[in-house]
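See below for the structure under consideration.
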Amino acid sequence: MEREWVVEESVAVEAGPRAVYAAVADLRRTREWSPEVFSTWVRGRAVRPGTKFVGFNRLGWRVWFTTCEVTVAVPGEAFAFRVSSFGIPVALWGYRIEDVGGDAARTRLTEYWEDLRRGTRGAGLVSLLGKVFTGVPAAERAALNRTGMRATLGRIKAGVERG
């Protein structure tokens, strides 16, 4: 099986794009949505391009952290951030938010992930570190993320629709 470098999943949310954006861009709420993230530390209050944060993650008994920087923050449209480990690029995570409701409040939320551990200096090292800290070989990360994205999107949908 060939390695996947990009994964994306989508869900329809019965809410407007601004409400959906508010949920995904509130980094302190990431632990409510993600099956891996159990805490985030955000530098500053406003979340905009350049905002840095640390994600604390858990898979089974394994715990690790990543440093992140917001790259896109457009209310009602898109939110994304780059993940690095010890200054080496690891991944790009993001959300596309599309109004698909016409007269009703309905939004398509797409979560995407791109593996940046290729063709760069340190890619092999950060892939090895990923396996050591998470227990997941780089070649299996896409499949795990696809499952995690489905859980994340389901939780965001439920949370936003609940209000």
Side-chain angles (χ1 to χ4, degrees), residues 2-11 17-18 20-59 62-98 107-153 155-156 159-160:
E2 190 172 321
R3 183 165 170 186
E4 284 185 275
W5 297 95
V6 177
V7 175
E8 70 175 48
E9 291 288 327
S10 296
V11 69
R18 292 227 175 235
V20 173
Y21 176 86
V24 300
D26 185 347
L27 295 168
R28 290 169 181 88
R29 292 188 72 189
T30 304
R31 66 190 178 103
E32 292 177 47
W33 318 134
S34 172
E36 282 188 14
V37 177
F38 67 87
S39 184
T40 49
W41 177 81
V42 183
R43 184 177 219 161
R45 290 211 149 292
V47 175
R48 59 181 172 257
T51 297
K52 293 183 181 349
F53 66 98
V54 178
F56 297 92
N57 309 286
R58 178 181 301 123
L59 251 179
R62 296 174 188 270
V63 176
W64 72 97
F65 71 92
T66 55
T67 53
C68 309
E69 183 173 348
V70 174
T71 57
V72 176
V74 181
E77 293 181 23
F79 184 76
F81 57 92
R82 285 187 173 269
V83 177
S84 62
S85 185
F86 303 104
I88 304 168
V90 174
L92 174 66
W93 283 91
Y95 297 91
R96 288 190 305 275
I97 300 156
E98 303 169 73
T107 302
R108 177 182 302 115
L109 175 62
T110 301
E111 183 176 17
Y112 60 90
W113 166 84
E114 180 181 351
D115 192 337
L116 300 179
R117 297 173 294 179
R118 59 180 163 173
T120 61
R121 188 176 192 175
L125 173 62
V126 83
S127 291
L128 175 64
L129 290 172
K131 184 172 192 286
V132 169
F133 288 112
T134 71
V136 180
E140 296 174 19
R141 188 33 109 163
L144 183 69
N145 285 352
R146 183 178 305 283
T147 300
M149 286 174 168
R150 290 174 181 157
T152 297
L153 292 170
R155 292 172 183 175
I156 293 169
V160 171

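Scope of the values below: all heavy atoms of this structure, side chains included, with no hydrogens, waters or symmetry mates.
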Presence of salt bridge, Arg155 and Glu111, under 4.0 angstrom: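 A salt bridge is absent here (no side-chain N lies under 4.0 Å from a carboxylate O).
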Quick check on [X]: does its [atom1] atom have over 12 non-hydrogen neighbours (other residues, nucleotides or ligands) under 6.0 Å away?
{"X": "Arg48", "atom1": "CZ", "result": "no"}
{"X": "Arg146", "atom1": "CZ", "result": "yes"}
{"X": "Arg82", "atom1": "CZ", "result": "no"}
{"X": "Arg31", "atom1": "CZ", "result": "no"}
{"X": "Phe65", "atom1": "CZ", "result": "no"}

Parallel under 30°, tilted from 30 to 60°, perpendicular over 60°: which one fits the rings of [X] and [Y]?
{"X": "Phe133", "Y": "Phe86", "result": "tilted"}
{"X": "Phe53", "Y": "Phe81", "result": "perpendicular"}
{"X": "Phe79", "Y": "Tyr21", "result": "perpendicular"}

Residue pair Val160 / Leu109, side-chain heavy-atom distance below 4.5 Å: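 They are not in side-chain contact.
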Side chain proximity check, Asp115 to Asn145, heavy atoms < 4.5 angstrom: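 Answer no - side chains too far apart.
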Check: Thr30 main-chain N/O paired with Ser34 side-chain donor or acceptor under 3.5 Å: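 Between the backbone of Thr30 and the side chain of Ser34 there is no qualifying donor-acceptor contact (under 3.5 Å).
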For residues [X] and [Y], report the shortest heavy-atom separation together with the two atoms involved.
{"X": "Thr134", "Y": "Leu59", "value": "O-CD1, 3.8 Å"}
{"X": "Thr40", "Y": "Val37", "value": "CG2-CG1, 3.9 Å"}
{"X": "Ser10", "Y": "Thr110", "value": "OG-OG1, 2.6 Å"}

